Amino acid sequence: MPQYKNNHTVPCCVLRQWETVKDNRSGVFQYDIQKDKINFSESRGSGKFSFASSNYLYVPSVRNTRVADVELWLQEGETVLAVALQKWKREIEGPLFESARQEQKFRRSLFALRHRAQPALEACARSFLNTTHRLREFNFDLSRDLQLLVLENMVNATLHDTHCFSSYRTMLFIDPTASLMIGDSPFLGDIFGNDSFVSCLSPRFFI
């Protein structure tokens, strides 16, 4: 299923908020901290946002068949998040969602930002590798099943956070003159120290 090959650790609808044009090409400027270099990454076509993309990251191979359930599950939330981003960007007033189900998908998409990011997935994988002796007791083949373990953890952690914040207040901070940047993970956590969670979603606003 090549249509699900390129999986983005940060949703394209979020990255597209930084879209600009250079030499008649649409894309974003990306700073590679390891190489200390600024690159221009195209935002259209099959290779869009390549710096935030990995092959089959959320589409594991199960019995020699690629299973796209997790990728499709993430896309459900991204669809609702993209609509909200456009409404905020265009300053459209009125309700963000048409149903409680859409609101839940939106909330889920926010917490997915926390657990789907590359640093979070790598930390989870390291954690499982450090408990190899325990996993062997359950006949796990780490060379084959580690991705499944990490994805299951990602889904469960996202659903847990979504449930815990079923009653919450959303605050959007907007500065038309701002020039915010985004990193490997848009989810910044409790940076204010008041049991809130902050995500950067645009050069002009965070939630």
Side-chain angles (χ1 to χ4, degrees), residues 3-4 6-22 24-31 40-53 58 70-117 154-155 158-159 161-192 194-207:
Q3 69 268 37
Y4 300 121
N6 297 324
N7 303 162
H8 290 84
T9 54
V10 179
C12 292
C13 64
V14 175
L15 293 173
R16 196 157 283 126
Q17 304 305 307
W18 279 265
E19 191 174 51
T20 186
V21 177
K22 178 186 177 185
N24 295 320
R25 295 182 300 148
S26 297
V28 297
F29 287 99
Q30 174 248 347
Y31 174 60
F40 186 77
S41 178
E42 294 196 34
S43 57
R44 306 289 172 174
S46 59
K48 60 182 179 292
F49 303 119
S50 59
F51 64 91
S53 174
Y58 309 124
V70 174
E71 173 69 3
L72 294 172
W73 181 77
L74 289 171
Q75 287 181 11
E76 274 190 351
E78 291 172 23
T79 299
V80 179
L81 177 60
V83 172
L85 288 172
Q86 286 303 308
K87 287 183 177 180
W88 286 329
K89 185 176 182 178
R90 298 174 182 175
E91 299 182 2
I92 298 176
E93 297 184 358
L96 283 176
F97 316 110
E98 297 179 358
S99 66
R101 180 65 176 159
Q102 282 191 349
E103 183 277 329
Q104 184 186 50
K105 290 181 179 180
F106 168 78
R107 189 164 17 104
R108 193 180 76 195
S109 71
L110 290 180
F111 286 108
L113 296 176
R114 178 184 194 180
H115 300 291
R116 69 183 286 178
M154 179 194 75
V155 170
T158 299
L159 292 175
D161 287 350
T162 303
H163 175 73
C164 288
F165 280 79
S166 57
S167 178
Y168 71 108
R169 179 175 63 172
T170 300
M171 298 180 67
L172 191 69
F173 296 85
I174 300 177
D175 183 349
T177 65
S179 185
L180 301 173
M181 294 188 296
I182 191 174
D184 289 350
S185 175
F187 192 91
L188 303 179
D190 187 13
I191 62 176
F192 295 129
N194 60 358
D195 294 326
S196 64
F197 291 107
V198 177
S199 292
C200 182
L201 300 176
S202 159
R204 303 290 179 257
F205 57 76
F206 61 88
I207 188 172

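This is a predicted model, so every value here is computed, not measured. Throughout, numbering of the chain's residues begins at 1 and tracks the sequence.
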Has the side chain of R204 got a donor or acceptor atom that lies under 3.5 Å from a matching backbone atom of I174?
no
Could you tell me if the side chain of M181 sits less than 4.5 Å from the side chain of Y31, heavy atoms only?
no
Below 30° counts as parallel, above 60° as perpendicular, anything between as tilted: where do the rings of F106 and W88 land?
perpendicular
Where the side chain of R116 meets the backbone of S109, is there a donor-acceptor pair that is under 3.5 Å apart?
no
Is the number of heavy atoms from other residues, nucleotides or ligands within 6.0 Å of CG (N24) greater than 12?
no
Just wondering, do V70 and M154 contact through their side chains at under 4.5 Å, heavy atoms?
yes
Does E76 offer a backbone N or O that forms a donor-acceptor pair with the side chain of K105 under 3.5 Å?
no
How many angstroms lie between CD1 in I182 and SG in C200, if you round to the nearest 0.5 Å?
5.5 Å
Is the shortest side-chain heavy-atom distance between R16 and S26 below 4.5 Å?
no
Within the side chain of K87, is there an N or O that forms a donor-acceptor pair under 3.5 Å with the backbone of P95?
yes
Pair R101, Q104: side-chain N/O donor-acceptor within cut-off below 3.5 Å
yes
To the nearest 0.5 Å, tell me how far S199 OG sits from R114 CZ.
9.5 Å
F29/F40 aromatic ring centres below 6.0 Å
yes
In Å, rounded to the nearest 0.5 Å, how long is the span from CG of D161 to CG of L110?
11.0 Å
How are the rings of F165 and F197 set to each other: parallel, tilted or perpendicular (split at 30° and 60°)?
perpendicular
With a 4.0 Å cut-off on N to O distance, would you call E19 and K48 a salt bridge?
no
Would you please say whether a donor-acceptor pair under 3.5 Å links the side chains of S41 and Q30?
no
Return yes if some donor-acceptor pair links the side-chain N/O of N7 with the main-chain N/O of Y58 below 3.5 Å, else return no.
yes
